[in-house]
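Atom set for the values below is all heavy atoms of this structure, side chains included, hydrogens, waters and symmetry mates excluded. All chains are named by letter (A, B, ...) in the order of the sequence lines, taking the proteins before the strands, and each is independently numbered beginning at 1.
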Amino acid sequence: MDGEELTAQETALYDRQIRVWGVDAQKRLSKAQILVSGLNGTSVEFCKNIVLAGVGSLTLMDDRLVTEDALQANFLIPRDETVYSGRSLSELCCESLRDFNPMVRVLAEKGDLAQCEMEFLDKFDVVVVTGCSLKTKIEINEKCRERAKRIAFYAIECRDSCGEIFVDLQNYTYAQKKSDGTAECHLSYSSLEDAILIPWRNLPRKVSKLYFAMRVIEKFELSEGRNPGELSNFDLPAVLKLRKELCDAQSLNESHVPETLLERILVAGPMLYPPVCPILGGILGQEVIKAISGKGDPLKNFFYFDAADGKGVIEDISNPSSI
Amino acid sequence: MGSDLKEEAIKRAKVLMVGAGGIGCELLKTLALSGFQDVHIIDMDTIEVSNLNRQFLFRQSHVGQSKAKVARDAVLKFMPHINITPYHANVKDPGFNVDFFKQFNVVLNGLDNLDARRHVNRLCLAAEVPLIESGTTGFLGQVTVHIKGRTECYECQPKPTPKTYPVCTITSTPSKVDFVRELRELFERFKKILKFVHCIVWAKDLLFAKLFGDKKQENDLFVSAGDGSDSEKPTNIFERGSDEDHEQYGRKIYDHVFGYNIEVALANEETWKSRRRPNPIFLKDVLPERLILQNGNLEKNFLTEDLPLSAMSSVGLSNPQDVWSLADNSRVFLEALRLFFGRREKEIGNLTFDKDDQLAVEFVTSAANIRASSFGISLHSLFDAKGIAGNIVHAVATTNAIIAGLIVIEAIKVLQADFQNCRMTYCLEHPARKMLLMPVEPFEANKSCYVCSEVLVELPAPVSSGTMLTVEDLQQELSCHINIKHREEFDEDKEPDKMVLLGWTAREKESQVVSNGNSTSAAVPAAAEATMKSEEAEVNAEISGTKRKLSEISEATENQEASQILPRADADNFKNSQELEDDDDDLVVLDNYPETSKKQRLH
């Protein structure tokens, strides 16, 4: 790859990871501009990873003031009210992240991504959203797709000990490593809206139960006008009713969306199971690094993790018409 | 998953972490966020610049300070009300004994070397504390759980060398194809660098050590002509003549080690019958006289006082990623020698190779590359050579974060005594059966494991009534004296079948003297009465000697790339992994040992 060489300082700091992904990948990383909307246990893990990796810049958006719930699984904010009182999550996280790597520009941006000017998105190569409604995710995903430049879109959500990552790289070309050199490989991704519209009976056999559970809960939150983490055990009867409706409409046996799984997620409410955050934030970090550097097979297009069985599974749920 | 019982178990737990490096930083943070209140952490290392890309608790200003202590302070900044006790010490220090380990509910390893891992494994077994072990290389990682009496211990399986990935025995079935590809890539990468590794070892351990290290050390760099003529003692070559300047001396060494020594080796026709013959390289063939004299004249422009001595910048090379030509390598070699003798003369005789010594790395890179040219092996950049010479790990933050999360999940299960649900987990670079994180049921203990099982040992000498046996564990500095009061007559039917310790060097027949009846092997008799005694007894050097040797053999494998990782998931295990077709709640079941009966999945 052409362009300026890494500085001696960069070579020394990034030595161990250059040994993993090479100099060219490191140079691409150092030019990448990342946006994260929503700061919680999983997204701050992602932020840490990507700042350490040495991206060009990271912009944070989350104007919420710090609360007990917002603090959990967040190691970027000291448990000290005199420090955090009256300040927004993005400001506080921004301050800590800057210390992690002086070579990365970390910025806090005020406002709501869903309301932003379209042009705002053009500043970024990667957009990560979390902690918002399905509607917002779909809107931001669509905005990314409408821009002339390709903007990679990721949605990540952690509920109790379960996590979901959605990836939309649109049309993505990369050099796939083969045993005898590399071959150019094209992948075509579906938007979030298209992906979740795919009839359940058309899905691959043995799709993760989490996929269905997440859809049921998401739909329920949407109908109630609530955000992730704002449900509780009291909602279980209504959620089960919705499960039945959805399963009937999609002619899927309800056993694919176990009640125990839904209950587990609802009982936890806003609580995340902390060790799941570095796992999801780690996988997402790895995926974003792959997508920027063009090295390695990117995940297509859903990832699931559940601490209950310990599996980290990839599901390809794409609209065939978009391929 | 937030049950009160679980929270209570976490709050009450006393946890020992060994290692505050890449995994350690992530682990300490995740433990704190998960509600752990009492964590002890041991690490003997201090912080280096190259740690900062992933060991996120450390900053530039911490370079040189204790990892354990800085990690503690960093975590207390966001979690001020928990107890973290740091030890800037070696886990092998005698203070960290069995009693020390007994105070903990679980031990979590985030170590970077096999030796310390073994040590902790043995202490955990002795103290009967569950151990959670982990490791990462690049995007690959693993977490394993070791509980005495329930699972295998860390040493139940010998750690495989890369040789245990023979391509021909890997069978490809669709579900395993990605995993096989992963192994194959590792193997190919390994094969490619292996030849160059020999050149690095030669340059580092022989040439560098000979020229700059302890002169008294024996070193087989000298090749005598083989005709027994001692008239020209080769030792003289490495001593600078009083009339020689540094340039002349450097050229003499160059021609001797790359030219003359190769010519001498070529003289032995037997050696080269089935091998590619190397080419002797003499300086005059590589660099014209004019250039040799010019070499390093750039020094005034490129070398300033505050920069470390560098031969490559002195000869005008700037990119450590470039692969230099033979001529450039030769110039760096001569310049490095000149700088060592001219500017660092005081250190000569006491130097050992250090990957952070720029000039030493340059010298070793150039010497290895010149030797590689001679043997027709592809040359490598300084960056790559440094990685090989310094045995540098490939490490990224994301894998360490994932592994730390998995460790904490397993630790919490262990603390709740939920052993049924404990899993080993592999973090893969390419998905296998759709999985990037693959949980596997823990293996049962290897019945002939010489660390955790009740092993039957074949003794090197006959045992009869009145014999005193001394068994020493060199790792834990324990010794046990066994006084044989009475040995029964040998009865073949009563002897167990498998009495030979795995990896035990069989003794010569004549040492197994038939002394007690018609025994052909002197097994420890069941009637032997073991008593712990403190008094002096004859040390059985054979036992300790053999054991030490075994551990050295396995130690040697650790330096090889990728050998630490995926120790269980090798080709044989995957070949035998059972396909589970219909129920997606199954977990992957691997066969523990190919020779034992197949394991069934848990219900």
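- In this structure, Lys434(B) is not positioned above the aromatic face of Tyr304(A) in the sense of NZ or CZ being under 6.0 Å from the six-membered ring centre and within 45° of the axis.
- The shortest distance between side-chain heavy atoms of Lys311(A) and Arg423(B) does not fall below 4.5 Å.
- Considering every non-hydrogen atom in both Ile279(A) and Leu437(B), the closest pair reads CG2-CD1, 3.5 Å.
- Remark: Phe75(A) engages Phe56(B) in a ring-ring contact (aromatic ring centres under 6.0 Å, His included) (not counting sequence neighbours).
- No part of Phe58(B) comes within reach of chain A, as not one of its non-hydrogen atoms sits under 4.5 angstrom from that chain.
- Between Lys48(A) and Glu26(B) there is a side-chain heavy-atom pair separated by less than 4.5 Å.
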If you apply the rule side chain to side chain contact (heavy atoms under 4.5 Å, CB included), what do you find for Ile402(B) with Gln286(A), and how did you get there? CA-CA 10 Å; Ile402(B) 296 166; Gln286(A) 219 154 286; 3.7 Å; yes
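- Ile314(A) is not listed as a side-chain neighbour of Met435(B), based on a closest heavy-atom distance of 4.5 Å or more.
- Identified by a heavy-atom distance below 4.5 Å to chain A, the contributing residues of residues 71-78 of chain B are Lys77(B), Phe78(B), in residue-number order.
- At a 4.5 Å heavy-atom cutoff, the contact between Asp99(A) and chain B is made by backbone and side-chain atoms alike.
- Applying the salt bridge (Lys or Arg N to Asp or Glu O under 4.0 Å) rule to pairs touching residues 275-290 of chain A yields Glu287(A)-Lys290(A), sequence neighbours excluded.
- Under the side-chain contact (heavy atoms from CB on, under 4.5 Å) criterion, Asp384(B) pairs with His380(B), Ser381(B), not counting sequence neighbours.
- Contact annotation: the side chain of Tyr14(A) never approaches that of Val396(B) to less than 4.5 Å [non-hydrogen atoms, C-beta and beyond].
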